[in-house]
Structure formats: structure tokens, C-alpha cells
Amino acid sequence: PRMTCWYGIDVDQGKRSLLLDLKTDSGKAVLRRLVEQTDVLVHNFSRDAVERLGLRYEDLEKINPRIICCAVSAYDGPAKGPWAGRKGYDPVAQAATGIMTRYGSRGHPEHHAIASCVDSLSGYSAAFAVALGVLTRTRDPRGHGTSVKTSLAQSAQLIQVPFAFRFQGRNWAEPHGQHALGDHPLHRMYRAIDGWLFLAAHPDQTKKLLMSLGFDLSVVQPESRDTISAAFGRAFRRRPVAEWVGRLRSHNIAVVRVESLREIRERTVEDLPKTEFITAGPTIQVVRQDHPVGCPVDTVAPAYARLRRSPIRRVAQAPKPGTHTIEILNELGYTESEKSDLQTSGVVAEALSSSYLPD
């Protein structure tokens with residue numbers, strides 16, 4: 001599972017790792033011990049797999065009535081539909097919900113990304129579902145947990161909602177395709193001498209924009225959008241991005257340099273902070289530190305939330321899969337003989353391979 005390990009460098013920060021074969025009776029027994037002391041169980045198994053592995057909420061609540069079970073699937077929903085058991089990943093959901101043709105076209109669909117907004121929104125939806133589950137548990141007189149679920153298909157549909165409805169007179173078409181630069185001359189990308197910028201001006205700011213670009217207002221005539229965009233394009237190519245940004249912002253016109261993730265990372269990266277907590281600093285904070293993968297790794301610090309009364313603790317690096325297998329078995333009360341039997345039979349393991357990322 002190379003990609004699981006690769007993305008794990010980011011998403012497994014602050015976690016512990018246990019490798020367990022759930023297809024075995026002994027593996028299921030280990031899981032049951034974990035469930036006894038667990039608040040939340042999250043899985044992405046299909047309905048059929050859940051049945052085989054004994055992970056239905058009805059099974060789990062018998063072990064621990066307080067548990068909250070969160071299922072993240074490809075297509076499953078509140079009711080079992082014809083696609084409920086199908087496998088799926090982010091790009092599959094893109095294709096099934098019109099995202100690929102939206103970013104490209106019907107004749108030339110475009111793969112938006114391997115892990116796009118669909119994957120990300122599904123994670124946020126799952127976290128929100130768990131939070132609602134905790135709220136439900138606090139309101140339950142018995143303190144019982146609940147079952148919650150979300151799916152890639154649901155996230156993709158939420159993303160597509162603004163483009164799904166129609167009404168009489170609607171004729172707006174979203175700019176799409178690899179060569180799309182923007183919606184109209186006041187809302188699009190332009191190339192400067194040393195890079196690209198994105199301009200987002202209100203029509204009321206047209207006069208200030210024309211003055212900033214050096215046009216003679218006494219001779220400017222209304223023209224087609226394409227002609228205006230071309231004229232603006234020639235003007236922007238005469239000076240560097242920084243100069244245009246300074247000029248236009250002085251007139252309160254929204255403009256920004258078009259940057260790459262590499263540029264943002266190189267500008268914001270810093271060595272591991274000496275402080276125990278990340279309480280201040282830039283909005284984007286990239287931390288460079290030695291990593292179990294075998295080389296320095298840049299990871300985004302958890303600066304996406306700033307809590308006034310609870311500073312964010314710096315999380316531990318993502319462990320190599322299986323690092324904490326024995327540690328967790330010890331906490332569950334397994335004897336040395338039992339641990340040895342589980343390892344010998346392949347029910348548990350301390351590593352997927354000799355290297356951090358499997359070959």
C-alpha cells in the first residue's frame with residue numbers, strides 16, 4: 001500500500017500504528033479489545049466487508065455502548081442503493097459526478113487531481129459527522145453512541161450543487177479546460193514580465209484599472225471582451241508582477257501573484273520550532289525535520305486553527321506502519337506468549353517492509 005504510506009506522512013501525524021489482520025479470528029479478537037476502550041471507530045469498508053468483519057454498529061455497541069462508528073464509503077448512503085457496494089476513489093467520484101467534464105469538457109474531460117477537494121471534503125464531513133455523534137451521545141439519557149456515515153459521492157455532489165440547478169434565463173458558463181484564464185477581462189489571469197497574476201476587479205473600478213495600466217481615458221472605446229482582454233494582456237506584459245500588485249492594491253483592486261506550492265513551501269519552511277506549542281507565526285507554517293522515512297521531510301504545521309485558550313500542541317511525526325503494534329498489545333493485556341503467537345501466525349506485524357515506503 002505505497003500510497004497509503006505516502007499520504008500517511010501527512011495524515012498520520014500524531015497517531016500510533018498497529019498492523020492487524022482482521023480476516024482472522026485472532027485479529028478480530030484484538031479489535032474487540034480495542035473497541036472496549038474506544039470512543040470512535042472510523043472505517044472505509046463496504047457494507048459486505050463490514051458484515052464479514054463484524055464491524056456493524058449493532059455488533060460494536062454490544063461490546064461498547066458508548067462507541068461512535070463512522071463509515072466513509074465511495075457511494076453508500078442512509079439507504080442501501082444499487083451502487084452501495086461499489087469500490088471507488090477520489091478520481092472515480094470525479095468522473096461519476098461531472099467534475100472531470102466541468103474542469104475539462106465533454107470531449108476532453110480533465111483529471112482534476114489524485115486527491116482533490118472530494119477527498120478533503122469527505123474527511124471534513126466525516127469529522128463533522130463524528131462531532132454530531134458525540135453531541136448525540138451527550139444528549140442520550142443512557143450515554144449511548146451512534147452510527148454516522150458519509151461518502152465520496154456525497155462530497156462530490158456537494159461540490160457540484162451550484163452547477164446542478166437551472167432556471168429560465170441562466171446562461172452563465174463556468175470557465176473550464178486547461179487553457180481557461182478567467183471569466184471576463186476584469187476577472188482573469190494575466191502574464192507579466194516575470195510571472196502570472198490574477199486580477200479580480202469590480203466594474204466600478206474599471207476607470208482606476210485603466211489608469212493603472214496606462215490607458216488614455218479620453219480615447220478608450222467600448223470593445224468586445226476578447227479585444228479588451230488582449231489589450232490588458234499587452235499592458236500587463238510590460239512590468240513585473242510585484243509592480244502591478246503594488247499599483248492595483250493602492251486603488252483597492254484585488255490582485256495576487258499566481259504561485260505554486262513549491263514557491264509557498266520554500267518561502268514559509270522553517271526548521272523544527274524549539275517551542276513545544278505552535279501558537280503564533282504565519283498562516284502557512286511548513287516545518288522541516290528529520291523523519292523516520294529516512295530523510296528530512298517538510299510537513300504543514302497544524303496552524304489551520306488558532307485557539308485562544310488551548311494552544312495547539314506540536315504533533316508527533318507519522319510513524320512507520322506497525323511501529324506501535326507491541327506497545328498497543330501490551331496496553332490491551334496480552335502476555336508475551338500471546339504476542340509471540342500473534343506475530344508468528346501473521347495476525348499482527350511491526351512493519352509492512354524494511355523501508356518506510358514499501359518498494
Distance-only donor-acceptor pairs under 3.5 Å for side chains of residues 74-86, two or more places apart:
from : atom 1 : to   : atom 2 : distance (Å)
D76  : OD1    : R47  : NE     : 3.0
D76  : OD1    : R47  : NH2    : 3.1
D76  : OD2    : R47  : NE     : 2.6
D76  : OD2    : K149 : NZ     : 3.4

Considering only residues two or more places apart or on different chains, which pairs with a residue in residues 113-123 satisfy side chain to side chain donor-acceptor pair (under 3.5 Å)? D90-S116, Q94-S116, S122-S155
Taking the ring centre of each residue, are F198 and H187 less than 6.0 Å apart? yes
Just jot down the ring-ring contact (aromatic ring centres under 6.0 Å, His included) partners of Y57, sequence neighbours excluded, or say none. none
Salt bridge (charged side-chain N to carboxylate O under 4.0 Å, His left out): pairs with one or both residues in residues 183-203, sequence neighbours excluded: D194-R257
For Q343, give me all partners under side chain to side chain donor-acceptor pair (under 3.5 Å), at least two apart in sequence or on another chain. E350
Identify, with sequence neighbours excluded, every residue that meets ring-ring contact (aromatic ring centres under 6.0 Å, His included) alongside H324. none
Residue pairs passing the salt bridge (charged side-chain N to carboxylate O under 4.0 Å, His left out) test with at least one member in residues 96-106, sequence neighbours excluded, are R102-E174
Any pair counted as salt bridge (charged side-chain N to carboxylate O under 4.0 Å, His left out), so long as it reaches residues 315-337, sequence neighbours left out: R16-E327, R16-E331, E336-K339
Hits for side chain to side chain contact (heavy atoms under 4.5 Å, CB included) against A235, two or more places apart or cross-chain, chain-then-number order -> L213, F215, R238
With V347, which residues qualify under side chain to side chain contact (heavy atoms under 4.5 Å, CB included), at least two apart? L20, T24, S26, L342, S345
Parallel, tilted or perpendicular, judged at 30° and 60°: which one describes the rings of Y103 and H112? parallel
Give me each pair satisfying salt bridge (charged side-chain N to carboxylate O under 4.0 Å, His left out) with a member in residues 128-148, each pair once, sequence neighbours excluded. D39-R137, D140-R142
Side chains of residues 27-35: which donor-acceptor pairs under 3.5 Å do they make with residues two or more places apart or in other chains?
from : atom 1 : to   : atom 2 : distance (Å)
K28  : NZ     : R52  : O      : 3.1
R33  : NH1    : L332 : O      : 2.9

